[in-house]
Amino acid sequence: MPEVIKNVACPYCGACCDDLEVTVEDGKILEVKNACIIGTEIYHHASREGRVGSPRMRQPDGTYKDITYDEAIDYTARMLIKAKKPLIYGFGSTNCEGQAAAGRVAEEAGAVLDNCASICHGSSFLAIFDTGYPSCTLGEVKNRADVVIYWGSNPAHAHPRHMSRYGVFPRGFFTNKGHRGRKVICVDPRYTDTARCADYFLQVKQGHDYDLFDAFRMVMHGYADDVPEIVAGVPKEKILEVCDIIKKGRYVHIFFGMGLCHSDGRNHNIDIAINLVRDINEVTKCTIMAMRGHYNIAGPGVVWSWQFGFPYCIDLSKGSHAHMNPGETSSVDLANRGEVDAFINIGTDAGAHFPIRAFEKLGSHIPMVTIDPSVNMAATVSDVHIPVAIVGVETGGICYRMDNVPIQYRAVVPPYNGILTDEELFNRILNRMLELKEQGIECDGKWEYAKAIPSLIPVKLEPEA
Ligand code: SF4
């Protein structure tokens with residue numbers, strides 16, 4: 001008899017939609033309601049035939065052989081103990097319980113602990129350290145914001161239900177006319193599908209957002225006359241028009257994304273955006289929010305700040321204290337400089353998303369373990385691939401939405417083939433490390449690959465049936 005499970009939270013993007021309805025029967029997912037196409041696919045993926053159901057170790061001929069969890073855990077524990085400076089990276093796609101358990105393993109291993117913020121909103125963290133974070137919750141945007149700015153972000157593709165749940169279309173307590181009561185402004189070099197939904201589109205010259213923020217700040221400070229006729233490709237009259245809308249707004253909110261974090265200026269683009277928010281608050285109410293990517297990429301920032309005092313790029317190799325210095329202790333920089341000697345890729349795909357030169361140094365030069373429910377590019381060059389339960393589908397837990405609101409995730413089906421959760425796996429790795437250390441296994445920088453990789457050739461993943 002099919003059962004409909006309501007109030008299910010989606011484990012894909014930082015919008016963390018928690019209104020999904022999932023129909024299940026005999027441990028299989030039949031139907032998903034309310035999710036966007038990306039979220040729906042997560043659930044159907046979980047029920048597909050041919051998922052990896054046990055850990056696998058790469059053989060010398062490049063094939064993989066199934067091994068037991070005990071063997072995979074023993075390999076990983078030995079690798080972490082033997083390594084002088086292992087790197088444990090990822091965590092965007094797991095729950096806070098798994099992130100906390102990994103933090104304990106990293107501490108025992110003297111590892112560098114880092115998450116996907118390192119290649120995503122890490123520059124936002126740097127700006128927030130410098131300048132503060134005048135932010136709010138998504139509920140406040142929905143209920144109060146009558147001027148919404150999407151700057152360097154494209155939720156129509158990256159967070160597909162963001163505009164309908166929070167930013168543009170919903171009718172809130174003080175915004176009961178929905179989109180008709182809001183002015184939506186999009187700033188982007190491209191005329192995106194988000195721009196198509198906006199009332200005003202400012203086509204900024206790629207990499208010149210800082211100049212445009214500067215012009216906005218000049219207007220807010222009363223120096224409109226000194227603004228040049230064109231700034232960053234945007235005519236002055238448009239800048240003045242949008243500034244006027246902002247000044248007349250009751251509640252202005254700015255969402256920003258990779259257009260600021262990944263372009264020239266990086267953290268300084270966010271710095272100046274936050275300073276603009278301060279300026280606008282002299283006139284009306286204004287807040288700002290990072291469009292965090294994965295459903296729980298805000299989680300490590302919260303969990304590890306409790307554990308270690310830092311949100312990402314945490315070097316625990318000194319033993320006595322944690323140290324954080326992005327640029328020095330960030331994953332890509334460590335990889336590029338060849339400063340780590342073992343790598344765990346967990347809840348992400350460094351193979352797909354790191355610069356290829358950095359990943360080559362990790363994937364083909366040092367032992368590597370991938371912990372992920374699926375076969376991804378990192379898994380195809382790892383010594384060991386350990387499958388785990390999918391959060392929000394096969395196991396629950398706490399995940400932090402892009403506005404740092406914790407959402408309780410729930411399981412809708414049991415874990416495929418009895419596979420472990422990330423938390424269970426990291427707890428067992430920690431226990432095995434303690435056992436091995438008691439037996440006298442020590443860090444000596446000598447740990448063999450499980451295999452020899454002839455070259456780092458990206459493996460073409462077969463399309464799913
Ligand atoms: S918008 Fe994001 S969280 Fe919501 S259903 Fe789509 S992928 Fe899932």
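Owing to the predicted nature of the structure, the values given are computational and were not obtained by experimental measurement. Hydrogens, waters and symmetry mates play no part in the numbers below; they use all other heavy atoms, side chains included.
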Please step through side-chain contact (heavy atoms from CB on, under 4.5 Å) for the pair Ile371 and Ile344, ending with a clear verdict. CA-CA 7 Å; Ile371 300 170; Ile344 294 183; 3.8 Å; yes
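- In this structure, Arg410 contributes its side chain and Lys6 its backbone to a donor-acceptor pair below 3.5 Å.
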Please lay out, stage by stage, how Asn325 and Thr329 fare under the test side chain to side chain donor-acceptor pair (under 3.5 Å). CA-CA 5 Å; Asn325 186 20; Thr329 58; over 6 Å; no
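- Panel note: side chain Asp341, backbone Ala83; no donor-acceptor pair is recorded below 3.5 Å.
- At least one side-chain heavy atom of Phe213 sits less than 4.5 Å from a side-chain heavy atom of Leu260.
- Contact check for Val242 versus Ile246: side-chain heavy atoms found under the 4.5 Å cut-off.
- Comment: Asp74 engages Arg432 in a salt bridge, judged by a side-chain N to carboxylate O separation of less than 4.0 angstrom.
- With values rounded to the nearest 0.5 angstrom, Asn345 atom CG is found 10.0 Å from Ser331 atom OG.
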Between Ser118 and Cys313, is the side-chain contact (heavy atoms from CB on, under 4.5 Å) condition met? List the steps. CA-CA 7 Å; Ser118 203; Cys313 299; 3.9 Å; yes
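- Contact record, Trp304 with Gln99: NE1-O, 3.1 Å, taken as the closest heavy-atom pair.
- Rounded to the nearest 0.5 Å, atoms OG1 (Thr348) and NE2 (His294) are 5.0 Å apart.
- In this structure, OG on Ser124 lies 12.5 Å from CE on Met289, to the nearest 0.5 angstrom.
- Judged by distance alone, with hydrogens and angles left aside, the side-chain atoms of Arg292 form no donor-acceptor pair with the main-chain N or O of Met402 at under 3.5 Å.
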Is there a side-chain contact (heavy atoms from CB on, under 4.5 Å) between Leu30 and Val24? Walk through the geometry before answering. CA-CA 5 Å; Leu30 304 181; Val24 298; over 6 Å; no
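- Nearest heavy-atom pair, Pro11 versus Tyr43, reported as atom, atom and distance to 0.1 Å: CD-OH, 3.3 Å.
- Between the Asn34 side chain and the Leu20 main chain, no donor and acceptor come within less than 3.5 Å of each other.
- Counting heavy-atom neighbours within 6.0 Å of Lys33 NZ, excluding the residue itself, gives a total of 12 or less.
- Under the 4.5 Å side-chain criterion, counting only non-hydrogen atoms from C-beta, Val22 is in contact with Ile29.
- Formation of a donor-acceptor pair under 3.5 Å by the Asp383 side chain with backbone atoms of Met368 is found in this model.
- A salt bridge links Glu360 with Arg357; the closest basic N to acidic carboxylate O contact falls under 4.0 Å.
- Of the possible donor and acceptor atoms, one in the side chain of Ser382 sits under 3.5 Å from a partner among the backbone N and O of Ala378.
- Residues Ile38 and Pro160 meet the side-chain proximity criterion, which asks for heavy atoms closer than 4.5 Å.
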Under the side chain to side chain donor-acceptor pair (under 3.5 Å) rule, what do Thr68 and Asp70 come out as? Steps first, then yes or no, please. CA-CA 5 Å; Thr68 64; Asp70 281 345; 5.2 Å; no
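- Without hydrogens or angle criteria, Asp315 side chain to Val112 main chain gives no donor-acceptor distance under 3.5 Å.
- No side-chain heavy atom of Cys261 sits less than 4.5 Å from a side-chain heavy atom of Cys120.
- Looking at every heavy atom in both residues, Met79 comes nearest to Ala342 through CG-CB, 3.8 Å.
- Each of Thr287, Thr284, Asp146, Thr175 was checked for a side-chain hydrogen bond (donor to acceptor under 3.5 Å, both in side chains) with Tyr251, and the lone residue meeting it is Thr287.
- Considering only heavy atoms from C-beta on, Val277 comes within 4.5 Å of Ile254 through its side chain.
- Counting only N and O atoms by type, the side chains of Asp188 and Thr192 include no donor and acceptor under 3.5 Å apart.
- Judged as a ring pair (Phe, Tyr, Trp, His ring centres under 6.0 Å), not a single pair has a partner in residues 14-39 (not counting sequence neighbours).
- How far NE2 of His321 is from CG of Leu316: 10.0 Å, rounded to the nearest 0.5 Å.
- Using a 4.5 Å heavy-atom threshold, the side chains of Met433 and Val105 count as touching.
- Residues Tyr89 and Phe343 form a side-chain contact, since some pair of their non-hydrogen atoms from C-beta on lies under 4.5 Å apart.
- Taking each heavy atom of Ala46 and Val393 in turn, the nearest pair found is CB-CG1, 3.6 Å.
- With Glu394 contributing its side chain and Ile390 its backbone, the two residues share a donor-acceptor pair below 3.5 Å.
- The pair Arg182-Asp199 fails the salt-bridge criterion, with no side-chain N (NZ, NE, NH1 or NH2) lying under 4.0 Å from an Asp/Glu carboxylate O.
- Using a distance-only test at 3.5 Å, with no hydrogens or angles considered, a donor-acceptor pair links the side chain of Gln307 to the main chain of Ala100.
- Here the rule is ring-ring contact (aromatic ring centres under 6.0 Å, His included) with Tyr295, and of Tyr12, Phe91, Tyr409 only Tyr409 fits it.
- Inspection of the Ser374 and Asn376 side chains reveals no N or O donor paired with an N or O acceptor under 3.5 Å.
- Summarising the geometry of Gly98 relative to Asp422, their closest heavy-atom pair is CA-CB, 4.2 Å, with the distance given to 0.1 Å.
- Considering Asn296, Thr94, Val405 in turn, Asn296 is the only one that fulfils the side-chain contact (heavy atoms from CB on, under 4.5 Å) rule with Cys399.
- With hydrogens and angles disregarded, a donor-acceptor distance shorter than 3.5 Å links the side chain of Ser135 to the backbone of Ile288.
- Scanning both residues, Ile419 and Ala389, for their nearest heavy atoms gives CD1-N, 3.8 Å.
- A distance of 7.5 Å separates NE2 in His268 from OH in Tyr210, rounded to the nearest 0.5 Å.
- Judged purely by distance below 3.5 Å, without hydrogens or angles, the side chains of Thr370 and His385 never pair a donor atom with an acceptor atom.
- Neither side chain, His253 nor Glu140, offers a donor N or O lying under 3.5 Å from an acceptor on the other.
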side-chain contact (heavy atoms from CB on, under 4.5 Å) evaluation trace for Asp349 with Phe354: CA-CA 8 Å; Asp349 186 1; Phe354 269 19; over 6 Å; no
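- Listed by first and then second residue, the side-chain hydrogen bond (donor to acceptor under 3.5 Å, both in side chains) pairs involving residues 147-168 are Asp18-Arg165, Asp19-Arg161, Asp19-Arg165, Tyr150-His162, Trp151-Asp209, Asn154-Thr194, His157-Asp193, Tyr166-Arg401 (not counting sequence neighbours).
- Taken from OG in Ser123 to CD1 in Ile270, the straight-line distance is 5.0 Å, to the nearest 0.5 Å.
- Judged purely by distance below 3.5 Å, without hydrogens or angles, the side chains of Asp403 and Thr137 never pair a donor atom with an acceptor atom.
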